[in-house]
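Below is one structure, written out as structure tokens, with a few remarks after it.
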2 protein chains.
Amino acid sequence: MTDRQKMFMQFIDKFIRDNGYSPSVREIAKGMGLSSTASVKNMLDRLTQSGALRRTENIARGLEKPSHGIPVLGRIKAGLPVTSEENVEGYIRLDKPIGDDHFFLRVDGDSMKDKAILDGDCVLIRLTNQVTSGQMGAFRINGEVTLKTFERTSAGVFLMPANPDFAPIPVGEYDDFRVIGTVKMVIRALEGGYDIEPA
Amino acid sequence: MTDRQKMFMQFIDKFIRDNGYSPSVREIAKGMGLSSTASVKNMLDRLTQSGALRRTENIARGLEKPSHGIPVLGRIKAGLPVTSEENVEGYIRLDKPIGDDHFFLRVDGDSMKDKAILDGDCVLIRLTNQVTSGQMGAFRINGEVTLKTFERTSAGVFLMPANPDFAPIPVGEYDDFRVIGTVKMVIRALEGGYDIEPA
DNA sequence: TCCATAGACGAACAAGTGTTCGCCTATGAA
DNA sequence: TTCATAGGCGAACACTTGTTCGTCTATGGA
């Protein structure tokens, strides 16, 4: 990609970030200091052809930047620059839409620390009442919400902590018990990485 | 929001997901089985006014769905439905753009397990060579990339594991050493939650 | 009954918008 | 030199698109 093409991409990218919709041909022309819309169309065609941009023809503001997410590097091959293509194992799409049956539960306390979940971590919960033995999830028991591992044994149902300082919680027939959802992901933000926006 | 309004939102949402740009008034009309664009405009005005939709007037395909991310629930107040407004402590925007100076490093091995980072976890690294003592980061030493805590003491510089089975790595004057970046976030996907897309 | 609100019709208008066509310049490789 | 490629101009064209206006129906209070 040429420098000029990078400049176009940056402009389009920023425009989309700022406005939530892509720029029109004339807006790009203006932003890039061009007087002809044909020049823009040429450039868009080049960018589309090289795969840097996705676009639906004849559609107003039909530009998309084909983000494939943030690269995941696995074993890094010696000799190569760290972020080079050869090291990429895959991508994680942080912009992938998640249905509104998901929410994060902020972990309070160390009761799951042996499962590497710490106080302050956020666990992504998917709302469901389907839970199998051994699965981690969020549960409400007698009015209190807790993060535990669900265990069904011959001795009954238990909510198991992952910390010897805490005792398993037996779920009796007369307890007010509800499965809230299962844990799909654990996120821990360090030193101001991904922050939580106030409500 | 009325049922009809929800149907509009769903249509628009799906359209954006499918196409990467928002539908035009006429496309909405067609999709909702309406014959007049005025009906659509009425509805869009209602949705915009109630805050369900964001939109720039007079701009083609200028619709946005105002996602404020995934809610984070902290201490859940008893008596309330779990996902009710009152429980929301904040939001995490998974669709927040991250610059391309970030990448994920897939953790290989248990050398940081006492810091609650497990084999297979993904750590978000921000490329930088600024690192202070006590900070966790990715380092290259003698051709090998490793995730460790950086420690500068009177005895010299060390890369500290968080696992008694591993020994600190002293960084000597003649070692080939480079700071790759610092850890901003830890992500662990459980049972097919957020998956890694193949490269 | 009166009235506000949600929802809808159809036609016409005024911008907005992508595309095309012919032509031009500069750069770098063959 | 010759040629391919990136980048650009300006005007004209045709289609897309949001908006407006008057009118209508149904529903659910007050």
Side-chain angles (χ1 to χ4, degrees), chain A residues 1-68 85 97 100, chain B residues 1-67 85 100:
Chain A
M1 191 159 15
T2 67
D3 284 352
R4 189 66 177 151
Q5 290 177 2
K6 274 185 199 139
M7 288 172 67
F8 267 75
M9 289 302 294
Q10 278 170 23
F11 175 81
I12 293 169
D13 224 66
K14 177 164 167 48
F15 190 102
I16 294 179
R17 267 205 310 278
D18 290 349
N19 297 284
Y21 49 83
S22 59
S24 70
V25 170
R26 279 166 186 79
E27 281 166 345
I28 297 175
K30 196 168 190 180
M32 299 298 294
L34 300 178
S35 64
S36 173
T37 57
S39 308
V40 175
K41 164 117 171 87
N42 281 338
M43 189 56 99
L44 292 183
D45 286 344
R46 284 182 212 117
L47 290 171
T48 307
Q49 192 153 28
S50 71
L53 206 58
R54 284 204 347 154
R55 140 175 168 90
T56 314
E57 286 189 359
N58 298 313
I59 287 292
R61 302 176 185 277
L63 298 178
E64 295 172 75
K65 49 168 205 258
S67 99
H68 33 221
E85 287 284 341
D100 38 4
Chain B
M1 186 160 15
T2 67
D3 284 352
R4 189 68 176 148
Q5 289 177 1
K6 273 185 200 140
M7 288 173 66
F8 268 75
M9 287 303 292
Q10 277 170 24
F11 175 82
I12 293 168
D13 223 67
K14 176 164 166 50
F15 191 102
I16 294 180
R17 267 205 309 278
D18 290 349
N19 297 285
Y21 49 82
S22 60
S24 70
V25 170
R26 280 164 185 81
E27 281 165 346
I28 297 175
K30 196 167 190 179
M32 300 299 292
L34 300 177
S35 65
S36 173
T37 57
S39 309
V40 175
K41 164 116 171 88
N42 281 337
M43 189 57 97
L44 291 184
D45 286 345
R46 285 183 213 117
L47 290 172
T48 306
Q49 191 152 27
S50 72
L53 206 57
R54 285 204 345 156
R55 140 174 167 90
T56 313
E57 286 188 0
N58 299 312
I59 287 292
R61 303 177 186 275
L63 298 178
E64 295 172 75
K65 47 168 206 260
S67 99
E85 287 284 341
D100 38 4

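In what follows, chains carry the letters A, B, and so on, assigned in the order in which the sequence lines appear, proteins first and then strands, with residues in each chain numbered from 1. Note: hydrogens, waters and symmetry copies are ignored here, and every other heavy atom, side chains too, is used.
- As rounded to whole Å, 11 Å separates atom P of D/dA6 from atom CG of A/Leu47.
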Quiz item: For nucleotides 6-23 of chain C, read 5' to 3', which letter fits each nucleotide if B means a protein heavy atom sits under 4.0 Å from the base, S means only the sugar-phosphate is that close, and - means neither?
Solution: SBBBBBB----BBBBB--
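- Interatomic distance, CD1 of A/Ile16 versus CZ of A/Phe11, reported as 10.0 Å (0.5 Å rounding).
- Screening B/Lys65, B/Arg55, B/Arg61 against B/Ser22 for a side-chain contact (heavy atoms from CB on, under 4.5 Å) leaves a single residue, B/Arg61.
- Annotation: A/Asp18, atom CG; neighbour count of heavy atoms from other residues, nucleotides and ligands within 6.0 Å is above 12.
- Across every non-hydrogen atom of A/Leu63 and A/Pro23, the tightest pair is CD1-O, 4.1 Å.
- Nearest heavy atoms, A/Ala29 versus A/Ser36: CB-O, 4.4 Å.
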